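Please read the structure below before turning to the comments.
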Amino acid sequence: MTYDVVVIGAGAAGLFCAGQAGRRGLKVLLVDHATRIAEKIRISGGGRANFTNRDLDLQAPQRCFISDNPHFCRSALSRYTPGDFVELVERHGIAYHEKHKGQLFCDGSSQELIDLLLAECTAGKVDHWQPCGITAITYSTSGGYRIETSRGSVDAPKLVVATGGLSIPQIGASGFGYQVAEQFGLRIVPTRPALVPLTFGGEGWVPYAELAGLSLPVRIETGAKKQRAQFLEDLLFTHRGLSGPAVLQISSYWKPGEPLVVDLAPGIEVEQALVEAKQRSRKKIGNELSALIPARLADAWVKSDAALQRPINEAPDRALVALAERIARWKVVPSGTEGYKKAEVTAGGVDTRDLSSQTMESKQPGLYFIGEVVDVTGWLGGYNFQWAWASGHVCAEALAR
Ligand SMILES: Cc1cc2nc3c(=O)[nH]c(=O)nc-3n(C[C@H](O)[C@H](O)[C@H](O)COP(=O)(O)OP(=O)(O)OC[C@H]3O[C@@H](n4cnc5c(N)ncnc54)[C@H](O)[C@@H]3O)c2cc1C
């Protein structure tokens, strides 16, 4: 069996790239070891697939991505934009809506997006082998790649690896892409779970553990001055720690041992409000505080400090100032993350120094890497799918050239 291109991994990037390459006249085989197709798309965006983000700044798309080489993703993202993908979605008659900060979701279900990708593959006459395991890959300068699979061997001059990252192993994620990279002498940026809930433990966390289920808008930051990352989003208390969009976003930047600094009342002058309340009120500090932050949080906060369990008019100003400062700069050190089982993506991956940003081809001739397997990780909000489409697109263009 001989093809022009074999694409390994029928997820977002692989399906899109295979369809685009097929539509350009290439004979394409798409191979995946999972039983069900595109499971990650199916579960994405709460079942509605947040398929892109229309707020992506085309002048500086790299701002919403993390990589050891931040500018690597620029070329692909500016050559295939959210507008391009939206046009495709509209051409397939899929209804969608914007939810929050430019995030576009299907009105119906993520199955519509899978159907779109499959229809593109059908239009490109792409062959599918699924489920199909890969046992070995060899390369010769005369014959290109030979891929040994559970359905026999196949030859192709070009091989695209689109096997994604390590998150959610229960639906088919594997480190296969990294192994292929290493087999051909490419470097790997160490991987870590990203867009992941953070865990907390020990005595200090006890007062907050009972807040599970509470959600509130916060400003959250981590990192030293020059590399500081900051997000204004909702935070969610869970049984094991913190989650919600604010924490998922910051988790991609967090380094073990470093603190997070959380403003629990962004945009509110807590110090001024408390000092003013002191002039007119005899209520407990906790009661006044609950006018500024959710009552359950105010309660837990006050409970953890005996000096705060008194009427506000009896509190010294400096105690109120210190309380306001702690609410504006709540410093917490996570004990860890929920790991790949709960992470939406894997940060790190195939080192972009060994890839062309124009084509996604690696230093190894005819070997390409696209999507999440590459050391490019998007923010929450449709950016990871946009990277899958954009990297798949420039790769397909290069394959057909
Ligand atoms: C719960 C959840 C929700 C998400 N929601 C969103 C969202 O709304 N918006 C967004 O932009 N991003 C979202 N993401 C991230 C997004 O799903 C991924 O970034 C994206 O799917 C990556 O595309 P990919 O094609 O690189 O990898 P994947 O989509 O993961 O596809 C990889 C494919 O490779 C196959 N594969 C793996 N190993 C092998 C092997 N050894 N042999 C053969 N095949 C193999 C897998 O079976 C899989 O089909 C979400 C992720 C999760 C986990």
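When a ligand or atom number is given, it counts from 1 through the structure's own listing order. Bear in mind that the values here come from a model prediction, so they are computed numbers and not experimental data. Residue numbers start at 1 and run along the sequence shown.
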Can you pull out the closest protein heavy atom to atom 31 (O) of ligand 1? Residue, atom name and distance to 0.1 Å, please.
Gly11 CA, 3.2 Å
Hey, does Ala12 come in under 3.5 Å of ligand 1, counting only N/O atoms on both sides?
yes
Contact region, Asp32 to ligand 1, non-hydrogen atoms below 4.0 Å, reads both
Are any of the side-chain nitrogens in Lys27 or Asp4 under 4.0 Å away from the carboxylate oxygens of its partner?
no
Gly164 neighbourhood, listing ligand 1 atoms whose heavy-atom distance to it stays under 4.0 Å:
26 (O), 27 (O), 32 (C)
Report the nearest protein non-hydrogen atom to atom 38 (N) of ligand 1: residue, atom name, distance rounded to 0.1 Å.
Ser174 OG, 2.7 Å
Sub-3.5 Å N/O-N/O distance, Gly45 and ligand 1:
yes
Would you check if the side chain of Ser290 reaches a backbone N or O of Asn287 as a donor-acceptor pair within less than 3.5 Å?
yes
Quick check: closest heavy atoms across Glu258 and Pro334, and the distance to 0.1 Å?
O-CD, 3.7 Å
Protein heavy-atom partner closest to atom 4 (C) of ligand 1 - residue, atom, separation in Å
Glu344 OE1, 3.4 Å
Going by the order shown, which atoms of ligand 1 are within less than 4.0 Å of some heavy atom of Ala162?
32 (C), 33 (C), 34 (O)
Do me a favour and list the nearest non-hydrogen protein atom to atom 44 (N) of ligand 1 with residue, atom name and distance?
His33 N, 3.3 Å
To the nearest 0.5 Å, tell me how far Arg91 CZ sits from Leu116 CG.
8.5 Å
Using a 4.0 Å heavy-atom cut-off, which part of Ser44 comes near ligand 1: side chain, backbone, both, or neither?
both
Which of the numbered atoms in ligand 1 are under 4.0 angstrom from any heavy atom belonging to Gly9?
33 (C), 34 (O), 35 (C)
Separation of Glu344 CD from Leu195 CG (nearest 0.5 Å)
5.5 Å
Give yes or no for whether the N/O distance cutoff of 3.5 Å, strictly under, is met between Gln386 and ligand 1.
no
Flag the pair Glu288 and Lys278 as a salt bridge only when some basic side-chain nitrogen lies within less than 4.0 angstrom of an acidic carboxylate oxygen.
no
Is it the side chain (CB and beyond), the backbone, both or neither of Phe176 that lies under 4.0 Å from ligand 1, heavy atoms counted?
side chain
Output the distance between atom OH (Tyr368) and atom OG (Ser362), rounded to the nearest 0.5 Å.
9.0 Å
Check ion pair Lys303-Glu210 (N to O, under 4.0 angstrom)
yes
Near-ring test Trp389/Phe51, centroid separation under 6.0 angstrom:
no
Pair Lys101 + Glu233, salt bridge at N-O below 4.0 Å:
yes
Tell me which one of Gln179, Gln130, Lys40, Lys341 gets a heavy atom nearest to atom 30 (O) of ligand 1.
Lys40
Taking only residues two or more places apart in sequence, or in another chain, which ones meet Arg192 in a salt bridge (Lys or Arg N to Asp or Glu O under 4.0 Å)?
none
Would you mind telling me if ligand 1 is within reach of the side chain of Asn384, the backbone, both or neither, using heavy atoms under 4.0 Å?
both
Mind checking the CG-CD spacing from Leu186 to Glu182? Nearest 0.5 Å is all I need.
9.0 Å
Check whether Thr222 reaches the backbone of Pro259 with its side chain - one donor and one acceptor, N or O, closer than 3.5 Å.
yes
Tell me, which protein residue and heavy-atom name are nearest atom 19 (O) of ligand 1, and how many Å apart are they?
Glu372 OE1, 2.8 Å
Polar-atom distance check: Ala13 versus ligand 1, any N or O pair below 3.5 Å?
yes
Among protein heavy atoms, which lies nearest atom 21 (O) of ligand 1, and at what distance?
Phe385 CE2, 3.4 Å
Hey, which atoms in ligand 1 end up nearer than 4.0 Å to a heavy atom of Ile43?
1 (C)
Proximal atoms of ligand 1 relative to Ile168 (non-hydrogen, under 4.0 Å)
53 (C)
Which ligand 1 atoms, with their elements, are less than 4.0 angstrom from a heavy-atom of Ala34?
47 (O)
Please tell me whether Trp301 and Trp330 form a close aromatic pair, meaning their ring centres lie under 6.0 Å apart.
yes
Would you say the ring centers of Phe369 and Tyr178 fall short of 6.0 Å from each other?
no
re atom 9 (N) of ligand 1, the protein heavy-atom contact at minimum distance is Asn50 O, 2.9 Å
Residue Gly172 vicinity, atoms of ligand 1 by number, heavy atom under 4.0 Å
37 (C), 38 (N), 46 (C), 47 (O)
Please check whether Val31 reaches ligand 1 - meaning an N/O of the residue sits under 3.5 Å from an N/O of the ligand, judged on distance alone.
no
Those atoms of ligand 1 less than 4.0 Å from some heavy atom in Gly371
26 (O)
